A.B. asks: 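I am attaching a structure below and will ask some questions about it afterwards.
Only a predicted model underlies this, so the values are computations on that prediction, with no experimental measurement involved.
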Amino acid sequence: DLSELGRRIDDSVAVGNEAASRADAVRADIAGIRWRLAEFDVLMDVVRRAMPEAPTLEQLSRAPRPLDSLYGALEEVMRGTHEVVVERVRPYVEDIAVVGANGPVIDVGCGRGEWLEVLRDAGVESYGIDINPVYEGLWASKSLDVRVGDVREHLEKLKPGSVRAISALHVVEHLPTDDLLEFLSLALRALAPGGLILLETPNPENLLVGAWSFYLDPTHRQPIPARLLAFFVGSRGFSDVQTRYLTRPELALVPTPDPGKPWGQDVAPVVEAINQHLFAPQDYAVLARRA
């Protein structure tokens with residue numbers, strides 16, 4: 001009867017809520033484990049340096065620095081879980097699909113490799129470059145092609161016009177301005193005609209980002225306004241420069257008051273300013289092509 005059906009529905013909802021709570025608890029435990037592993041890496045770095053036999057130059061060059069070891073935990077907590085980042089970058093596959101140029105997609109500063117996974121699953125030839133070797137085990141476990149080394153040196157060695165697309169997701173905010181401009185010039189040289197450059201970075205038009213969350217990553221240098229980054233890209237010779245603000249459904253706007261109600265017209269500009277500067281998209285992307 002209806003009462004029995006209602007009871008079963010209530011039981012199903014309760015089970016679903018309990019499963020969601022357990023999933024949240026597991027994710028929190030994983031984040032905690034990552035923090036402890038990072039602390040252990042730092043400890044082992046100190047132990048290695050205290051060993052009586054001095055490590056070779058090659059060992060030193062490949063040994064992760066303390067901040068390198070911590071960065072995995074930092075990304076997990078600050079940027080989001082693997083699953084969250086995968087869903088955020090997945091729409092870029094459509095931008096790659098319409099690029100008619102040949103060659104691989106190069107993901108600069110690929111980090112944990114979420115974007116490379118998405119590209120691989122979409123059947124797109126790609127590889128990553130990252131200066132931090134701390135994720136080598138993770139890359140190998142997922143059969144991702146990642147080269148550890150300096151991005152500038154790698155791009156300089158590429159045959160001009162041999163690359164389909166170059167992406168740099170949350171990378172440019174780590175670069176001094178001169179290095180950013182040089183990177184853009186080298187990217188333009190490496191891209192085939194019609195090739196795509198894709199840059200994603202925090203949006204300082206959101207005041208909470210520009211004044212607070214941006215600095216949760218100690219390797220960030222300075223926020224880059226969207227108009228400035230688009231100008232830099234265009235100044236290097238790229239065409240069809242577009243800026244895409246990346247909205248997140250969980251950031252709900254303050255409802256605009258009804259202008260027909262008391263104080264509605266007076267309060268509306270205040271609400272608009274709050275939505276524009278506090279609830280603006282937290283990230284944006286600049287996309288452009290080599291003519």
A.B. asks: Of all the heavy-atom pairs spanning Asp107 and Ser167, show the shortest one and how long it is.
C.D. replies: OD1-OG, 2.8 Å
A.B. asks: Closest approach of Asn203 and Pro281, non-hydrogen atoms and distance?
C.D. replies: ND2-O, 2.7 Å
A.B. asks: If you define the side chain from C-beta out and look only at heavy atoms, does anything of Glu173 sit under 4.5 Å from Pro202?
C.D. replies: yes
A.B. asks: For Asn102, does the CG atom sit with more than 12 other heavy atoms under 6.0 Å from it, leaving out its own atoms?
C.D. replies: no
A.B. asks: Looking at side-chain heavy atoms only, is the closest gap between Glu117 and Leu144 below 4.5 Å?
C.D. replies: yes
A.B. asks: Counting only heavy atoms from other residues, nucleotides and ligands, does the tally under 6.0 Å from CD of Glu156 exceed 12?
C.D. replies: yes
A.B. asks: Cluster question for you: counting only ILVMFWY and a side-chain heavy-atom cut-off of under 4.5 Å, with indirect links fine, are Leu188 and Leu196 together?
C.D. replies: no
A.B. asks: Going through the checks in order, is the side chain to side chain contact (heavy atoms under 4.5 Å, CB included) test met by Glu94 and Val98?
C.D. replies: CA-CA 7 Å; Glu94 298 179 10; Val98 297; over 6 Å; no
A.B. asks: Mind checking the CD1-NE2 spacing from Ile129 to His154? Nearest 0.5 Å is all I need.
C.D. replies: 3.5 Å
A.B. asks: Indicate if Val105 and Ile197 have the same hydrophobic cluster label, given that clusters are the connected sets of ILVMFWY residues with side-chain heavy-atom separations under 4.5 angstrom.
C.D. replies: no
A.B. asks: Should Leu181 and Phe238 be regarded as members of a common hydrophobic cluster, given that ILVMFWY residues are connected when their side-chain heavy atoms come within less than 4.5 Å of each other, either directly or indirectly?
C.D. replies: yes
A.B. asks: Using side-chain heavy atoms (C-beta onward) and a distance below 4.5 Å, is Leu169 in contact with Val89?
C.D. replies: yes
A.B. asks: Check whether Ser162 reaches the backbone of Leu158 with its side chain - one donor and one acceptor, N or O, closer than 3.5 Å.
C.D. replies: no
A.B. asks: If you look at every heavy atom in Ile131 and Pro133, which pair is closest and at what distance?
C.D. replies: O-CD, 3.4 Å
A.B. asks: Side chain to side chain contact (heavy atoms under 4.5 Å, CB included) between Val148 and Trp139: does it pass, once the steps are laid out?
C.D. replies: CA-CA 11 Å; Val148 177; Trp139 299 327; 3.7 Å; yes
A.B. asks: Are any side-chain N or O atoms of Asp130 and backbone N or O atoms of Cys110, one a donor and one an acceptor, separated by less than 3.5 Å?
C.D. replies: yes
A.B. asks: Apply the test side chain to side chain contact (heavy atoms under 4.5 Å, CB included) to residues Leu198 and Tyr92: give CA-CA distance (whole Å), side-chain angles for both, the deciding distance (0.1 Å), then the verdict.
C.D. replies: CA-CA 9 Å; Leu198 165 60; Tyr92 292 133; 3.6 Å; yes
A.B. asks: Among the clusters formed by ILVMFWY side chains lying less than 4.5 Å apart, do Val151 and Val286 turn up in the same one?
C.D. replies: yes
A.B. asks: When you measure from the side chain of Arg236 to the backbone N and O of Leu184, does any donor-acceptor pair fall under 3.5 Å?
C.D. replies: no
A.B. asks: To the nearest 0.5 angstrom, please state how far the CG atom of Leu186 sits from the NZ atom of Lys157.
C.D. replies: 13.0 Å
A.B. asks: Any donor-acceptor pair under 3.5 Å linking the side chain of Arg290 with the backbone of Leu191?
C.D. replies: yes
A.B. asks: How long is the straight-line distance from CZ of Arg90 back to CD of Glu114, given to the nearest 0.5 Å?
C.D. replies: 11.5 Å
A.B. asks: Does any N or O in the side chain of Arg120 come within less than 3.5 Å of the main-chain N or O of Lys142, such that one atom is a donor and the other an acceptor?
C.D. replies: yes
A.B. asks: Looking at Arg164 and Ser126, would you say the former's side chain and the latter's main chain have a donor-acceptor pair under 3.5 Å?
C.D. replies: no
A.B. asks: Should Tyr245 and Leu287 be regarded as members of a common hydrophobic cluster, given that ILVMFWY residues are connected when their side-chain heavy atoms come within less than 4.5 Å of each other, either directly or indirectly?
C.D. replies: no
A.B. asks: Do Tyr127 and Leu116 have side chains that approach each other closer than 4.5 Å (heavy atoms only, starting at C-beta)?
C.D. replies: no
A.B. asks: Using a 4.5 Å cut-off on heavy atoms from C-beta on, say whether the side chain of Arg112 contacts that of Val85.
C.D. replies: yes
A.B. asks: Evaluate the side-chain proximity of Phe232 to Thr177: yes if any heavy-atom separation is below 4.5 Å, no if none is.
C.D. replies: yes
A.B. asks: Distance check, rounded to the nearest 0.5 Å: Glu182 atom CD versus Leu175 atom CG?
C.D. replies: 10.0 Å
A.B. asks: If you take all heavy atoms of Phe214 and Pro223, which pair is closest and at what distance?
C.D. replies: CZ-N, 3.3 Å
A.B. asks: Using modelled atom types and a 3.5 Å cut-off, is there a donor and acceptor pairing between side-chain atoms of Asp240 and backbone atoms of Ala288?
C.D. replies: no
A.B. asks: Cation-pi between Arg244 and Tyr284: NZ/CZ under 6.0 Å from ring centre and within 45° of the ring axis?
C.D. replies: no
A.B. asks: Is there a donor-acceptor pair under 3.5 Å between the side chain of His220 and the backbone N or O of His174?
C.D. replies: no
A.B. asks: Do Ile166 and Phe183 make a side-chain contact, defined as non-hydrogen atoms from C-beta onward lying under 4.5 Å apart?
C.D. replies: yes
A.B. asks: Sequence neighbours left out, what passes ring-ring contact (aromatic ring centres under 6.0 Å, His included) with Tyr215? Give chain and number order.
C.D. replies: none
A.B. asks: Is there a side chain to side chain contact (heavy atoms under 4.5 Å, CB included) between Trp115 and Val93 once you walk through the steps?
C.D. replies: CA-CA 9 Å; Trp115 175 222; Val93 172; 3.9 Å; yes
A.B. asks: Would you name the heavy atoms of Ile224 and Pro204 that are closest together and state the gap between them?
C.D. replies: O-CD, 3.6 Å
A.B. asks: Under 3.5 Å, is there a donor-acceptor pair between the side chain of Trp263 and the main chain of Pro257?
C.D. replies: no
A.B. asks: To the nearest 0.5 angstrom, please state how far the CD1 atom of Ile106 sits from the CG atom of Leu155.
C.D. replies: 6.0 Å
A.B. asks: Is the number of heavy atoms from other residues, nucleotides or ligands within 6.0 Å of CD (Gln222) greater than 12?
C.D. replies: yes
A.B. asks: How about Arg227: does its CZ atom have over 12 heavy atoms from other parts shown lying under 6.0 Å from it?
C.D. replies: no
A.B. asks: For Val209 and Ser213, work out which heavy atoms get closest and say how close.
C.D. replies: CA-OG, 3.2 Å
A.B. asks: Nearest 0.5 angstrom please: Arg152 CZ to Asp179 CG, how far?
C.D. replies: 6.5 Å
A.B. asks: Side chains of Leu229 and Leu180, heavy atoms from C-beta outward: is any pair under 4.5 Å?
C.D. replies: yes
